[in-house]
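What follows is a single structure, written as structure tokens, with notes after it.
Throughout, protein chains are lettered first and strands after them, A, B, ... in sequence-line order, and every chain is numbered starting at 1.
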Amino acid sequence: VAARVLEPVESVTIVTDSDVILARQRTRELAQETGFTTLDETRIVTAVSEIGRNIVVHSGVVGSISLLRVHQGDKVGLSIVCEDEGRGIDDVDLALQDGYSTIASLGLGLGGARRLVDEFDITSTPGEGTRVVVVKWR
Amino acid sequence: VGEVSVLRFGDVLVVPVQAELHDTAARDLQESVLTTLETEGVHGLIIDVSAASVVDSFLGRLLGDTAKGARLMGIDTVLVGLQPAVVITLLQLGVVIRDVRTALNIEDGIAMLRRDRSGSEGNGWLAPAGLGLRAGE
């Protein structure tokens with residue numbers, strides 16, 4: 001089995017919700033370049049929107065959204081890494097449940113985003129930050 | 001930023017949702033729309049999302065809440081122009097937009113609102129057509 005090859009394309013610094021819009025636009029461009037269908041492009045960009053909101057609303061500090069091309073053998077896709085050094089999430093499993101929200105948001109953010117991508121990985125350490133890595137294959 | 005443009009067709013207000021709306025702008029839009037409903041004195045609201053390529057959980061809820069707010073003011077809302085990819089993504093996200101009817105496009109939405117209104121008035125207190133009581137409305 002060939003190794004998974006990741007190729008960083010760019011990183012967007014996330015401070016406000018306007019930065020999330022910029023990350024969404026960059027993601028859309030890369031998804032189009034990669035040849036995703038309109039539906040998958042919409043899924044990926046929406047996932048970025050949900051995860052990006054998590055950085056802005058919850059972390060209280062600067063974060064980043066990094067876009068990477070990924071391929072493995074014949075498979076081609078996109079990977080997105082969202083990181084912040086905020087207060088972290090106490091209970092990741094709980095945060096992924098539908099309807100869960102510590103603030104007045106809908107609570108579908110992370111759990112919903114997970115359903116829109118092929119791979120979803122979240123690690124969070126209270127007091128240190130959160131890292132979400134998603135992959136969508138074309 | 002903060003400026004919202006809407007269209008008025010007779011007694012219906014049409015609000016085009018911009019392609020890339022960040023959360024703060026979406027909140028501004030909600031407030032602006034409800035305020036304008038009052039100042040314009042319209043009877044129907046159309047929210048047109050045909051330009052929006054992303055409707056995530058936040059925007060979805062906000063649109064539903066805007067319709068709910070309009071309902072509290074006695075105004076019906078029709079959400080129009082949801083793109084197929086946006087619809088499928090919303091379903092996967094698990095977002096349910098309640099208390100708002102939907103139509104394919106602005107024309108259908110306006111027809112829906114006018115039909116309702118003429119229907120309910122036809123059963124109610126309005127004088128028969130032709131007496132000119134609606135003039136000046």
Side-chain angles (χ1 to χ4, degrees), chain A residues 12 14-29 31-32 36-58 65 82 95-101 103-118 120 134 136, chain B residues 1-4 16-32 34 47-69 79-100 102 104-105:
Chain A
V12 179
I14 305 294
V15 182
T16 70
D17 48 11
S18 302
D19 301 322
V20 178
I21 294 293
L22 180 64
R24 272 165 45 169
Q25 286 165 340
R26 293 287 184 266
T27 305
R28 181 178 299 284
E29 286 161 15
Q32 283 169 351
F36 280 100
T37 62
T38 303
L39 177 54
D40 277 342
E41 178 190 313
T42 304
R43 286 181 173 128
I44 300 165
V45 176
T46 306
V48 167
S49 192
E50 300 288 358
I51 300 166
R53 172 171 306 111
N54 213 69
I55 296 177
V56 173
V57 175
H58 291 284
I65 295 180
C82 304
L96 289 170
Q97 282 175 22
D98 281 354
Y100 176 79
S101 176
I103 49 134
S105 67
L106 187 62
L108 286 168
L110 288 179
R114 180 164 64 170
R115 287 192 288 274
L116 299 175
V117 294
D118 296 318
F120 183 99
V134 306
K136 185 86 180 167
Chain B
V1 177
E3 286 247 334
V4 178
V17 174
Q18 302 304 308
E20 299 284 2
L21 208 58
H22 59 72
D23 292 359
T24 311
R27 275 200 206 92
D28 290 348
L29 179 77
Q30 178 185 26
E31 189 187 333
S32 188
L34 293 181
I47 301 174
D48 176 23
V49 290
S50 59
S53 44
V54 171
V55 179
D56 63 10
S57 61
F58 181 83
L59 184 56
R61 187 188 63 151
L62 208 80
L63 295 176
D65 282 354
T66 304
K68 219 177 285 178
L79 181 65
V80 308
L82 277 169
Q83 295 174 19
V86 170
V87 169
I88 293 168
T89 303
L90 274 176
L91 290 172
Q92 249 182 320
L93 269 180
V95 174
V96 181
I97 303 179
R98 291 199 183 84
D99 300 320
V100 57
T102 50
L104 197 57
N105 52 40

| Partners of B/Asp48 by salt bridge (Lys or Arg N to Asp or Glu O under 4.0 Å), sequence neighbours excluded? | none

| query | With A/Ser18, which residues qualify under side-chain hydrogen bond (donor to acceptor under 3.5 Å, both in side chains), at least two apart? | reply | none

| query | Does the side chain of A/Ile51 come within less than 4.5 Å of A/Phe120's, by heavy atoms? | reply | yes

| task | Please flag which part of A/Arg24 lies under 4.5 Å from any non-hydrogen atom of chain B: side chain, backbone, both or neither. | result | side chain

| task | With a 4.5 angstrom heavy-atom cut-off, could you sort out which part of A/Arg114 is near chain B: side chain, backbone, both or neither? | result | neither

| said: Please classify the contact between B/Ala26 and chain A as side chain, backbone, both or neither, with a heavy-atom cut-off of under 4.5 Å. | reply: neither

| query | What pair of heavy atoms forms the shortest contact from B/Glu20 to B/Ser53, and how long is it? | reply | OE2-OG, 4.3 Å

| field | Which portion of B/Leu90 sits near chain A, non-hydrogen atoms under 4.5 angstrom | value | neither

